[in-house]
Amino acid sequence: MSEERTVRVEALTRVEGEGALHIRVNDGVIEDVQLNIYEPPRLFEAMLRGRALEDVPDITARICGICPVAYQMSSVHALEAALGVQVTGDLRVLRRLLYCGEWIESHALHVHMLHVPDFLGFESALALAKDHPDEVNRGLRLKKHGNQLLEVLGGRAVHPINVAVGGFYHLPRREELTRLIPDFEWGLQAAIDAARWVAGFDFPRFEEAYDFVAVSHPDEYAMCEGPIRTSDGMAISADQFEKHFREQQVPHSTALQAVRIDTGQTYLLGPLSRINLNREQLLPAARRLADELNLEQPCRNIFKSIIARSIEIVQAYEEALSILRDYRPAGEPRIKYEHRQGEGAAATEAPRGLLYHRYGVNAQGFVTKANIVPPTSQNQSQIESDLRDYLPALLNWSDDEVARACERLVRSYDPCISCATHFLKVNLDRVS
Amino acid sequence: MRGCRLFVGIGSPHGDDRVGWEIALRLSERKSSLLVVRSACTPAELLDWLEGIDILDICDAVASNEPGSLYCWSWPAAEIEQAAFRGTHDMTLQAALMLADELGRLPRCTRIWGVGIKPPLSGDALSPEVAAAIPTMVDRMCEALHHA
């Protein structure tokens, strides 16, 4: 007699946005795994068409309250490519500083408030705070530093408003940045302590033959620029993205999923991919820490994303401190440009992974087409693939235990569902 | 000696849900050196601002059939759990305050002020009922701050 079993997680918790997971098992065989993203489509690309190109960074920032800088960075780089503008020197450095702020606030929030409870057996950050108040306080303080950078450089902590095509609307005064240095010196050491803490957790034994994909740069840990590289050796420029990666619609999700066109296979974005592909470009303290923590090279265990994410917090502090110490405002806040007809694409590294934008603009400076491919939608089919491979070892567990284990795997991706719809219920069907 | 006081208006740009921001604006125009006034999109933001704060006042919109109705609770208050604060964000105001309390960050006095609103639609303007309630609410807050 066969046994059919359904596990349902009606609303995934400790993820950004709303989604569900449905798993159907028939006689011990995984028949179906669906990551249901049911937030309504937000139609940002359609909203952008016909708007002045200068409006784009402010509108795309509204896609996400956690990673607005990523949307601003990918949009301005793509528009600058369309206009033939290249932002270099101090303005380029300040953009990296702004991105450091976002990585710090987003990663610190995910590590301490959303993900650590999984490893220590707590239902929530609130429950974690009862037994580990110092660590939770540390996480909140790190997050605050990231937000402070966004406030000073971006004009406000959520949905910053100071990023412009060609640079910034306004440059901060030197003292506005230098007064952050003591906090960031504390933060660098605190981030190292946090990474050592999470590296000591017990990790499920689960390894996958991932195709890692990330932006890479020969001279720096890539954030804003560089070719898109894969672990099988492909290297393409951002404007080739759509020739190699395809978005596809699935009935159970309002977010598009993505696969590589040449292999038809899923791929992995995010901190684990970045560290695996770009470890040599980490700054000295972050690289030493990755070695000290014995993070495998490459690491193929998605649960260890929390270590990669924590090392990236150290990387962001290290780079931010260097920029804060050297900052001397000079010159114009942005490069002048002329409107012209053109098309441009860019990929930058959002906290959750590669974020691709492409825009067409006309000679009057209006957007004629827009395409935005967020990291969570690209990771969505990889998450489903992981769950299919992870579930067989869990089938003797109760439905509640299976649901919790699957949610934990999903959280390793730090999915941002609001961005992707642009998550989580778990349903497990066991057929008998 | 009076401690440092913080007012946080929580809101969004949508219709009456912006009432917390409007009240923050009115309070900041009174230029009290004793009061720090901030606006927030999400309750979690106030966790960043509590260091050195002795008295915390928070104002948010409250779902109600009586737009413009005014409320005030001292935290912790059983009513707050029942009051449906219309935050769409991950961490509710209640959760943010509970976390602050657990971490020893909560000021000795925390009050929550509510203005009743009907669910707004994106792009709505402030309704006449809620707009009319703002001066009364600001006066009540100033009175409470004066006596704190």
Engineer: How many angstroms lie between CZ in A/Arg141 and CD in B/Glu51, if you round to the nearest 0.5 Å?
Structural biologist: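 Here the interatomic distance stands at 7.0 Å.
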
Engineer: On a heavy-atom basis, which atom in A/Asn137 and which in B/Arg105 lie closest, and how many Å separate them?
Structural biologist: OD1-NE, 2.6 Å

Engineer: In terms of heavy-atom contacts, does CZ of A/Arg51 have more than 12 from other residues, nucleotides or ligands at under 6.0 Å?
Structural biologist: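 Incorrect, the count does not exceed 12.
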
Engineer: Looking only at heavy atoms, which two atoms of A/Leu126 and B/Glu102 are closest? And how far apart?
Structural biologist: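 The answer is O-CG, 4.2 Å.
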
Engineer: How would you list, in number order, the residues of residues 23-30 of chain B that have a heavy atom less than 4.5 Å from chain A?
Structural biologist: none

Engineer: Provide the full list of ring pair (Phe, Tyr, Trp, His ring centres under 6.0 Å) pairs with a residue in residues 42-71 of chain B, sequence neighbours left out, each pair given once.
Structural biologist: B/Tyr71-B/Trp73

Engineer: To the closest 0.5 Å, what do you measure between SG (B/Cys41) and CZ (A/Arg156)?
Structural biologist: 7.0 Å

Engineer: Do you know which two heavy atoms are closest between A/Lys144 and B/Asp48, and how far apart they sit?
Structural biologist: NZ-O, 2.8 Å

Engineer: Answer whether the closest heavy-atom distance between the side chains of B/Leu103 and A/Val136 falls below 4.5 Å.
Structural biologist: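 Touching, per the 4.5 Å side-chain cut-off.
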
Engineer: By a 4.5 Å heavy-atom criterion (distance strictly below it), what part of A/Asn147 contacts chain B: side chain, backbone, both, or neither?
Structural biologist: side chain

Engineer: Does any heavy atom of chain A fall under 4.5 Å from the side chain of B/Leu99, the backbone, both, or neither of them?
Structural biologist: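 Interface part for B/Leu99: both.
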
Engineer: Give me the contact list for residues 176-191 of chain A versus chain B, heavy atoms only, anything under 4.5 Å, ordered by residue number.
Structural biologist: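 If one takes a 4.5 Å heavy-atom cut-off, no residue of residues 176-191 of chain A lies near chain B.
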
Engineer: Mind checking side-chain hydrogen bond (donor to acceptor under 3.5 Å, both in side chains) for A/Glu54 and listing every partner two or more places apart, or none if nothing turns up?
Structural biologist: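 For A/Glu54 the side-chain hydrogen bond (donor to acceptor under 3.5 Å, both in side chains) partners, ignoring immediate neighbours, are A/Tyr337, A/His339.
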
